Amino acid sequence: MVMSSHPKAAHLDRMLTMEMARVVEAAAVAAARERGQGDEKKADQVAVDAMRRELNNLPISGRIVIGEGERDEAPMLYIGEEVGYGGPEVDIALDPLEGTTICAKNQPNSLAVIAIAERGKLLYAPDVYMDKIAIGPGYPAGTINIDASPTENLNAVAKAKGCKVSEVSTCVMDRTRHTKLIEEVRAAGAAIRLIGDGDVAGIIHTTDPDETGIDLYMGIGGAPEGVLAAAALRCTGGQMQGRLILDTPEKEARAAKMGVSEPNKAYTMDEMAQGDVLFAACGVTDGNMLRGVKFANDGIYTHTVAMRSSTGTIRWVDGKHAVSSKF
Ligand code: VTB
């Protein structure tokens with residue numbers, strides 16, 4: 001990761017990995033106080049406030065490239081906002097509350113997430129849909145192909161895994177736009193898990209099928225979430241492809257403005273998040289990989305994963321925060 005030419009500068013970004021944990025913990029705790037309250041906007045807002053506050057305490061010159069939206073629609077953590085009090089120039093993709101609806105209903109797998117990369121190394125994805133496919137580590141390169149049919153991908157994953165298609169578990173967001181996809185997965189005989197929201201978690205879940213029961217993710221979700229998921233997979237290993245859905249001239253123009261020169265391109269995970277990438281996620285509600293925030297008499301408990309692509313280090317951080325802490 002670019003920091004400075006000083007030989008000790010490497011320590012800076014190592015420290016930054018742990019700082020990322022702090023940033024997502026703060027957002028997760030704030031959002032967790034709103035779990036189940038049915039107020040998505042409020043849950044999101046408190047997470048945004050907390051994440052922004054923590055980011056501004058960091059010695060970085062950070063620029064939000066994937067955030068809460070365009071400047072005119074999001075007053076905080078908007079695309080282009082600068083955060084931190086000065087330091088290495090980094091680009092930041094974040095979602096202080098990924099799965100606002102999940103949190104508002106207190107259902108599984110809402111997260112606070114952030115990814116940090118060197119300047120210019122993240123895909124500047126507009127807020128459009130992205131078609132995505134992902135598997136975890138351990139498969140031969142080229143096992144999945146976004147241009148192949150779901151059946152072909154299921155067969156390829158089963159073959160690489162050395163199992164039957166019926167033993168390949170696929171995660172898909174429960175949307176009418178996926179009716180045909182869901183039918184095809186079922187017809188192929190594969191297991192399927194439908195999720196209401198939160199495909200960043202859905203994709204990350206492919207990296208640990210023994211724990212999560214998910215081998216393959218397929219379907220259409222948000223493009224910004226696609227870049228966040230790609231950053232995570234860069235750290236854990238795995239394969240992912242994503243194609244922006246630019247089905248109107250207006251969306252194409254928006255993407256072009258953000259520097260997307262090939263609108264029909266199927267981006268690989270390495271193209272969506274290049275170079276050294278740091279990624280962290282903290283559970284807001286209980287999930288398949290991360291426990292949600294627990295408010296106990298003796299402290300506030302958080303569960304976070306913090307990872308770095310250049311070293312492949314994955315840290316699971318159990319946090320216990322004083323009840324009196326700023327959280
Ligand atoms: C997608 C998905 C997200 O919201 O953006 C989704 O990537 C919105 O999809 O993980 P719809 O427009 O179909 O509702 C999430 O599920 C949560 O932010």
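Order of listing sets the numbers, starting from 1, for every ligand and every atom in it. Numbering starts at 1 and runs along the sequence shown. Here the structure is a predicted model, which is why all the values come from computation and not from measurement.
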Among all protein heavy atoms, pick the one closest to atom 14 (O) of ligand 1 and tell me residue, atom and distance. Arg175 NH2, 3.1 Å
What residues, two or more places apart in sequence or in another chain, satisfy side chain to side chain contact (heavy atoms under 4.5 Å, CB included) together with Lys251? Val128, Leu246, Asp247, Thr248, Arg254
Atom 11 (P) of ligand 1 - nearest protein heavy atom and its distance: Tyr129 OH, 3.3 Å
So which of Thr304, Asp318, Asp286 actually passes side chain to side chain donor-acceptor pair (under 3.5 Å) with Arg291? Asp318
Taking N or O atoms only and a 3.5 Å limit, does Thr100 qualify as a polar contact for ligand 1? no
Starting from atom 10 (O) of ligand 1, which protein heavy atom do you reach first, and at what distance in Å? Glu98 OE2, 2.6 Å
Are Gln274 and Asp270 close enough that a side-chain donor and a side-chain acceptor fall under 3.5 Å? no
Distance only, no hydrogens: is a donor on one side chain within 3.5 Å (strictly under) of an acceptor on the other, for Asn109 and Asn288? yes
Give the numbers and elements of all ligand 1 atoms closer than 4.0 Å to a heavy atom of Gly198. 10 (O), 15 (C), 16 (O), 17 (C)
One finds that the ligand 1 atoms under 4.0 Å from a non-hydrogen atom of Gly222 are 1 (C), 2 (C), 5 (O), 7 (O)
Starting from atom 4 (O) of ligand 1, find the nearest protein heavy-atom neighbour and note its residue, name and distance. Asp197 OD1, 3.2 Å
Out of Arg177, Glu225, Met173, Lys132, who gets a non-hydrogen atom closest to atom 13 (O) of ligand 1? Arg177
What I want to find out is whether Glu54 reaches Arg22 closely enough, with some N-O distance under 4.0 Å, to be called a salt bridge. no
State, to 0.1 Å, how close Ile204 and Phe279 come at their nearest heavy-atom pair, and which atoms those are. CD1-CZ, 3.7 Å
Only heavy atoms of Gly221, strictly under 4.0 Å: list the atoms of ligand 1 that pass. 7 (O)
Crowded around Lys105 NZ? As in, over 12 foreign heavy atoms under 6.0 Å? no
Which of the atoms of ligand 1 are close to Asp199, meaning less than 4.0 Å from one of its heavy atoms? 2 (C), 3 (C), 7 (O), 10 (O)
